[in-house]
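Read through the structure below, which is laid out as structure tokens, and then see the notes.
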Amino acid sequence: MKKEELRYLQRLAELYPTIGKASSEIINLQAILNLPKGTEHFLSDIHGEYEAFSHVLRNGSGAVRKKIDDVFGHTLSNSDKRSLATLIYYPREKIEYVKKSEEDIENWYKITLYRLIEVCKTTASKYTRSKVRKALPPEYAYVIEELITEKAEVLDKEAYYDSIVNTIIEIGRAEDFIIALAELIQRLVVDHLHILGDIFDRGPGPHFIMDRLMEYHSLDIQWGNHDIVWMGAATGQQACIATVIRNSIRYGNLDILEDGYGINMMPLAAFAMEAYSEDPCEAFEITESTVKYNSLEAQLSRKMHKAISIIQFKLEGQLILKHKEFHMEERLLLHRIDPEKGIITMPDGKQYPLVDHNFPTVNWQNPYELTVEERDVMDRLASAFCNCEKLQKHMRLLLDKGGLYKVYNGNLLFHGSIPLNDDGTFKEVQICGETYKGKALYDVLETYVRRAFFEVDEKEKSICRDMLWYIWEGPNSPLYGKDKMTTFERYFIADKSTHQEVKNAYYRLWENEEVVDRILTEFGLDPEEGHIINGHVPVHQIEGENPIKCGGKVIVIDGGFSKAYQKVTGIAGYTLIYNSYGLMLTAHEPFTSAEDAVMKEQDIVSNRVAVRYTSRRCLVGDTDNGKALKERIRELRQLLDAYRRGTIKEKK
């Protein structure tokens, strides 16, 4: 036996000091390998829509209703099944609603408890007793375990369970137990959650989503470009900060910054009122806002919107001039403005009149320089972002659970795209003097993201922070995937031909099986079995676009979670379920409110499409976790052999 191998087995022996304990663990792990794989739940492009996100988490994209159908089949009416599903999604609210109309509430408690127990038994059956026990609410763990565990030794099982249920009702704990069972079903119906990027921007509740994710039992996150720009802002990168604020104002969501994260917008408001006091800022109206502004609030928002936009364009210009390797010189636009004529000459030589040509803070000799007042505003905002405890906690979750991509159980998960040339080969991208492509590009960019938070050398840290901005909107960034971001044009040029953003070749070639196979191979996956799952670009179902590409090898699950997209996609988002039977894509209807879900028993799952069914039920042994368990079993067998040969001594 090699010295290193012996040393490892000695460390393993500290965990399993006897033949009996090592043997017991082998038996336990071998049994786990033969359980059905847990259900994976995929969501993408949530964009701050907390209520819809919360509902989809509660119903498991239809997984809860599927369990109810499995348990009760035709023994319950569709109406009763719908009512039971609603109770599981919103137990507290549903109980309060039922109590107003139910004449015999004790009988309802009893029926409901029995139904929930049956659903809970089925939901828990694919897990070990130990895993279920860890998911139980501590205060009711013992009783719930008794209720959902078969008691072979009890002769009169019906009387045994009846006595427990009757006592629960008798002592006034029925509602608490119903809530506990409902939440346990929610917890067990999904084993692992994948978030494929863009938690932030557009919708009003990304901070609530992040709070919810901080409590979630098992998840990973693939960063989207909107997440990256918030991460950049949290490091103090000022172009990212300006972008985050501009997006928040544009969609009427300053409450996220002020109330959600406690970041004071007064310095920007005071500056905007003074600098743009005589400017109506009509080109900077708030879009898609659910907030009702009075005339003074609307006026202030427009001024703040313009003020931070001009600051953003200046800061971005500074970055482009500083980093020649970004190759983004065509996005330097302020110096192309003729302020006297009110026109701009674009890089292609074409001239366009400006919708708004009032630039009181721009020094035309040095148009990308901040004024003293603008610099003061940004320094104060940078300090607020860097010192916001809640924001930093949320960013730490993104770092701890996240990455630019994930290979998980035979699937490649990422938010945006793989930069490709027109012929389908991997595009070489220059990053700080070196060129990268394919997986290596993703890997090096992820190191820059992490170094932006943890690098000690301030000069290097500054470069990494700037790289976060590049990942947000760079033409060769895998998270953005377009030739340019035409923010300036959308504000200042009426001609919509200037608003065009050309997508990377990936989005034209994802139906090409040879290209897709090359990508899967690049990331170490079997092209015959693997899938690419990504979001970022909304699927326009209303126009007949199919989210399933390349015969099922590519699945796009951005279908418009954000209300801002729903009028062009025709739906309210896709989600994906991967359980022991295969992959199932679900298209969702727009979510109205939790109140409608409770009172009208409205669910938002609409049609489901089977992407792939397995010929046999997938087991834990077939998963990545199963491979790790098999490796541990092999090591434990080596330890057993070492005990029996006397190479390692038991510690009894």
Subject >> Distance under 6.0 Å and angle within 45° of ring axis: Lys406 vs Phe523 >> reply: no
Original post:
Asp259 side chain to Ile256 main-chain N or O, any donor-acceptor pair under 3.5 Å?
Top reply: no
**OP:** Determine yes or no for a side-chain-to-main-chain donor-acceptor pair under 3.5 angstrom, with Ser83 supplying the side chain and Ser79 the backbone.
**Re:** no
Original post:
Looking only at heavy atoms, which two atoms of Val229 and Cys240 are closest? And how far apart?
Top reply: O-CB, 3.4 Å
Subject >> Distance-only side-chain donor-acceptor flag, Asn409 / Glu40, under 3.5 Å >> reply: yes
Subject >> Check: Leu181 and Ile178 side chains under 4.5 Å, non-hydrogen atoms >> reply: no
Original post:
How about His226 and Trp472: are their ring centroids closer than 6.0 Å?
Top reply: yes
**OP:** Name the orientation class of the two ring planes belonging to Tyr506 and Trp510 (parallel below 30°, tilted from 30 to 60°, perpendicular beyond 60°).
**Re:** perpendicular
Subject >> Proximity of Tyr405 and His415 rings by center, below 6.0 Å >> reply: no
Subject >> Nearest atoms (heavy-atom pairs only) where His536 meets Gly416 >> reply: CB-CA, 3.8 Å
Original post:
Do side-chain atoms of Lys37 reach the backbone of Gly621 as a donor and acceptor pair under 3.5 angstrom?
Top reply: no
**OP:** Assess whether side-chain contact (heavy atoms from CB on, under 4.5 Å) is satisfied between Phe72 and Asp80, documenting all intermediate values.
**Re:** CA-CA 10 Å; Phe72 296 106; Asp80 283 342; over 6 Å; no
Original post:
Within a reach of under 6.0 Å around NZ of Lys627, are more than 12 heavy atoms found that belong to other residues, nucleotides or ligands?
Top reply: no
Subject >> CD/Glu631: more than 12 non-hydrogen atoms of other groups inside 6.0 Å >> reply: yes
Original post:
In this structure, which one of Tyr261, Phe385, Trp230 forms a ring-ring contact (aromatic ring centres under 6.0 Å, His included) with His394?
Top reply: Tyr261
Subject >> salt bridge (Lys or Arg N to Asp or Glu O under 4.0 Å) against Glu215, all qualifying residues, sequence neighbours excluded >> reply: none
Subject >> Nearest non-hydrogen partners of Met395 and Ala234, listed with the distance >> reply: CG-CB, 3.4 Å
**OP:** Find out whether Leu404 and Gln222 are in side-chain contact, i.e. whether some heavy atom of one side chain is under 4.5 Å from a heavy atom of the other.
**Re:** no
Original post:
Does the side chain of Arg451 come under 3.5 Å of the side chain of Thr447 through a donor N or O and an acceptor N or O?
Top reply: no
Original post:
Would you say Ile519 and Phe426 make side-chain contact, with heavy atoms under 4.5 Å?
Top reply: yes
Original post:
Would you say Thr39's side chain and Val190's backbone share a donor-acceptor pair under 3.5 angstrom?
Top reply: no
**OP:** Evaluate side chain to side chain donor-acceptor pair (under 3.5 Å) for Tyr251 paired with Asp201, printing each intermediate quantity in order.
**Re:** CA-CA 8 Å; Tyr251 290 96; Asp201 287 336; over 6 Å; no
**OP:** Determine, stepwise, if the pair Arg616 / Asp622 fulfils salt bridge (Lys or Arg N to Asp or Glu O under 4.0 Å).
**Re:** CA-CA 11 Å; Arg616 66 171 182 83; Asp622 302 314; 2.9 Å; yes
Taking only distance into account, with no hydrogens and no angle test, what donor-acceptor pairs under 3.5 Å do side-chain atoms of residues 28-35 form with protein atoms, sequence neighbours excluded?
from, atom 1, to, atom 2, distance (Å)
Asn34, ND2, Gln30, O, 2.9

Subject >> Lys121 side chain reached by Ile117 side chain, heavy atoms, under 4.5 Å >> reply: yes
Original post:
So, does Glu511 use its side chain to make a donor-acceptor pair with the main chain of Cys550 at under 3.5 Å?
Top reply: yes
Original post:
Taking side chain as C-beta onward, heavy atoms only, is Ile195 less than 4.5 Å from Ile46?
Top reply: yes
Subject >> Exceeds 12 heavy-atom contacts within 6.0 angstrom, atom CZ of Arg634 >> reply: yes
**OP:** To the nearest 0.5 Å, tell me how far Cys386 SG sits from Ile241 CD1.
**Re:** 6.0 Å
Original post:
Can a donor-acceptor pair be found between the side chains of Asn411 and Tyr578 at a distance below 3.5 Å?
Top reply: no
Original post:
If you count the non-hydrogen atoms of other residues, nucleotides and ligands that lie under 6.0 Å from OH in Tyr507, is the total more than 12?
Top reply: yes
**OP:** Apply side-chain contact (heavy atoms from CB on, under 4.5 Å) to Ile418 and Tyr442, showing your working.
**Re:** CA-CA 9 Å; Ile418 306 293; Tyr442 267 90; 3.3 Å; yes
Original post:
Is Arg187 paired with Glu183 through a side-chain N to carboxylate O contact shorter than 4.0 Å?
Top reply: no
**OP:** Kindly indicate, with the supporting measurements, whether the criterion side-chain contact (heavy atoms from CB on, under 4.5 Å) is fulfilled by Leu468 and Tyr448.
**Re:** CA-CA 8 Å; Leu468 288 170; Tyr448 276 102; over 6 Å; no
Original post:
Do Leu413 and Phe42 come within less than 4.5 Å of each other through their side chains, counting heavy atoms only?
Top reply: yes
**OP:** Quick one: sort the His194 and Tyr408 rings into parallel, tilted or perpendicular, breaks at 30° and 60°.
**Re:** perpendicular
**OP:** Please report the shortest heavy-atom distance between Arg202 and Asn253, naming the atom on each side.
**Re:** O-ND2, 2.6 Å
Original post:
Between Tyr89 and His55, is a ring pair (Phe, Tyr, Trp, His ring centres under 6.0 Å) present by the stated rule, with each step listed?
Top reply: CA-CA 7 Å; Tyr89 309 155; His55 185 81; 5.5 Å; yes
Original post:
Any chance the side chains of Asp198 and Trp223 put a donor and an acceptor closer than 3.5 Å?
Top reply: no
Original post:
If only atom types and distance count, is the side chain of Tyr127 paired as donor or acceptor with the main-chain N or O of Leu188 below 3.5 Å?
Top reply: yes
Original post:
Has the side chain of Lys553 got a donor or acceptor atom that lies under 3.5 Å from a matching backbone atom of Pro527?
Top reply: yes
Subject >> Cationic N near anionic O, under 4.0 Å, Glu96 to Arg92 >> reply: no
**OP:** Take Leu583 and Ile577 through the side-chain contact (heavy atoms from CB on, under 4.5 Å) test and state the conclusion after the steps.
**Re:** CA-CA 6 Å; Leu583 284 160; Ile577 288 291; over 6 Å; no
Subject >> CE-OG1 distance between Met584 and Thr575, expressed to the nearest 0.5 angstrom >> reply: 11.0 Å
**OP:** Please name the pair of heavy atoms, one in Gln186 and one in Pro91, separated by the smallest distance, quoted to 0.1 Å.
**Re:** NE2-CD, 4.3 Å
Original post:
Just by modelled atom types, is the His192 backbone N or O under 3.5 Å from a matching donor or acceptor in the Ser218 side chain?
Top reply: no
Original post:
When you check the gap from the basic side-chain N to the acidic O, do Asp191 and Lys126 get nearer than 4.0 Å?
Top reply: no
**OP:** Let me see the working for Glu118 and Arg115 under salt bridge (Lys or Arg N to Asp or Glu O under 4.0 Å), right down to the final yes or no.
**Re:** CA-CA 5 Å; Glu118 290 305 311; Arg115 288 176 177 174; over 6 Å; no
Subject >> Verdict with supporting geometry, Ser54 and Arg58, side chain to side chain donor-acceptor pair (under 3.5 Å) >> reply: CA-CA 6 Å; Ser54 177; Arg58 292 168 187 267; 3.2 Å; yes
Subject >> Tyr50 ring center within less than 6.0 Å of His207 ring center >> reply: no
Original post:
Taking all non-hydrogen atoms of both residues, which atom of Ala182 and which atom of Leu87 are closest, and how far apart?
Top reply: CB-O, 4.0 Å
**OP:** Give a yes or no answer on whether the side chain of Ser125 reaches the backbone of Thr122 with a donor-acceptor pair at less than 3.5 Å.
**Re:** yes
Original post:
Any side-chain heavy-atom pair from Leu193 and His41 closer than 4.5 angstrom?
Top reply: yes
**OP:** Kindly say whether Glu473 contributes a backbone atom to a donor-acceptor pair with the side chain of Asn225 at under 3.5 angstrom?
**Re:** no
Subject >> Student check: side-chain heavy atoms of Leu398 and Met210 closer than 4.5 Å >> reply: yes
